Amino acid sequence: MIQRLDGLGEAAPLAFWLVLLACAYLAVAAVRLTVIDIRHHLLPDRIVFPSYAVAAVLLLGAAAVHAAGGAPASAAVPDGGAGLFGVPGLRVVAGGAALWLFYFLLRAVYPPGMGFGDVKLAGVLGMYLGFLGWPHVFAGTFAAFLFGGLWSLALLATRRGSLQSSIPFGPFMLAGATAAMALLPA
């Protein structure tokens, strides 16, 4: 994400500020959601639903601004418009839809294993990760399950939990998405 922001800052300054604003919003929402999910095992709709609108407006706006910049902007940042099939910004929507569907299917297979708040949050995170690319979507999802699994193993090893213990998964989803955005090259 940092490399993408650097390239956007040079190629399309308005797109840079839109993405930076989207990331700042996600950071604030992530802190709020993490605290609430840890305390109450709940991801409130009043935080998650507006995040869809914010991500759509800011990330799709950045993709549109970048695409309107023409060939020099596209050359400065490879696939900086988050395009899919030649449509700027479509990968943002496709990433959100794909991740929402994946988590929805997980919930449908085993409903006690995941709350519907996690499904709703997955769509938002998919939009952010989709802006960066499919490798980010896959890595962010994998990292979420890796972090959640490691935490569960730590709880089991320290005997602070059992196989029937429920853990809030939202913080691990947010951590996985953040790790993918921060660590993977754009």
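Scope of the values below: all heavy atoms of this structure, side chains included, with no hydrogens, waters or symmetry mates. This is a predicted model, so every value here is computed, not measured.
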Side-chain contact, heavy-atom cut-off 4.5 Å: [X] with [Y]?
{"X": "L163", "Y": "S152", "value": "no"}
{"X": "M181", "Y": "L129", "value": "yes"}
{"X": "F147", "Y": "M173", "value": "no"}
{"X": "F131", "Y": "R91", "value": "no"}
{"X": "V137", "Y": "L125", "value": "no"}
{"X": "Y110", "Y": "L106", "value": "no"}
{"X": "I38", "Y": "T34", "value": "yes"}
{"X": "L155", "Y": "I167", "value": "yes"}

Heavy atoms only: give me the nearest [X]-[Y] pair and the separation to one decimal.
{"X": "P185", "Y": "H136", "value": "O-CE1, 3.2 Å"}
{"X": "A139", "Y": "L184", "value": "CB-CD1, 3.4 Å"}
{"X": "G176", "Y": "A143", "value": "CA-CB, 3.6 Å"}
{"X": "R107", "Y": "G115", "value": "CD-C, 3.9 Å"}
{"X": "I47", "Y": "P50", "value": "O-CD, 3.5 Å"}
{"X": "S166", "Y": "H41", "value": "O-CE1, 3.4 Å"}

L33/L174 under side chain to side chain contact (heavy atoms under 4.5 Å, CB included): CA gap, chis, key distance, verdict: CA-CA 9 Å; L33 288 169; L174 291 160; 4.1 Å; yes
K120 vs D45, test: salt bridge (Lys or Arg N to Asp or Glu O under 4.0 Å). Steps then yes/no. CA-CA 8 Å; K120 293 180 275 191; D45 290 346; 2.5 Å; yes
Should L26 and V35 be counted in the same cluster of Ile, Leu, Val, Met, Phe, Trp and Tyr side chains packed under 4.5 Å apart? no
Would you say V31 ends up clustered with F49 if hydrophobic residues are merged whenever their side chains have heavy atoms under 4.5 Å apart, either directly or through other cluster members?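 Different clusters: F49 never reaches V31 through Ile, Leu, Val, Met, Phe, Trp or Tyr contacts under 4.5 Å.
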Tell me if the centroids of the rings in F104 and W100 come within less than 6.0 Å of each other.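 Between F104 and W100, the centre distance is under 6.0 Å.
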If you take the centroid of each ring, where Trp contributes its six-membered ring, are F172 and F145 closer together than 6.0 Å?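 Ring centroids of F145 and F172 are no less than 6.0 Å from each other.
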Can you tell me if Y128 uses its side chain to pair, donor with acceptor, with the backbone of A22 under 3.5 Å?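 Yes; judged by distance alone, with no hydrogens or angles, the pair exists.
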Which residue pairs pass the side-chain hydrogen bond (donor to acceptor under 3.5 Å, both in side chains) test when at least one of the two sits in residues 19-33, sequence neighbours left out?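 Only Y25-S51 qualify under side-chain hydrogen bond (donor to acceptor under 3.5 Å, both in side chains).
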Go through the steps to decide whether L18 and V65 satisfy the test side chain to side chain contact (heavy atoms under 4.5 Å, CB included), and finish with yes or no. CA-CA 9 Å; L18 290 172; V65 166; 4.2 Å; yes
Go through it in stages, so that I can follow the logic: the residues are I36 and L43, the test is side chain to side chain contact (heavy atoms under 4.5 Å, CB included), and I'd like the CA-CA distance, side-chain angles, deciding distance and then a yes or no. CA-CA 7 Å; I36 292 169; L43 294 168; over 6 Å; no
Identified side-chain contact (heavy atoms from CB on, under 4.5 Å) counterpart of F169 within the set D118, L121, D37: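 When side-chain contact (heavy atoms from CB on, under 4.5 Å) is applied between F169 and each of D118, L121, D37, only D118 qualifies.
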Can you confirm whether F116 is buried at CZ, in the sense that more than 12 heavy atoms of other residues, nucleotides or ligands lie under 6.0 Å from that atom?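 Counting neighbours around CZ of F116, more than 12 heavy atoms of other residues, nucleotides or ligands fall under 6.0 Å, so yes.
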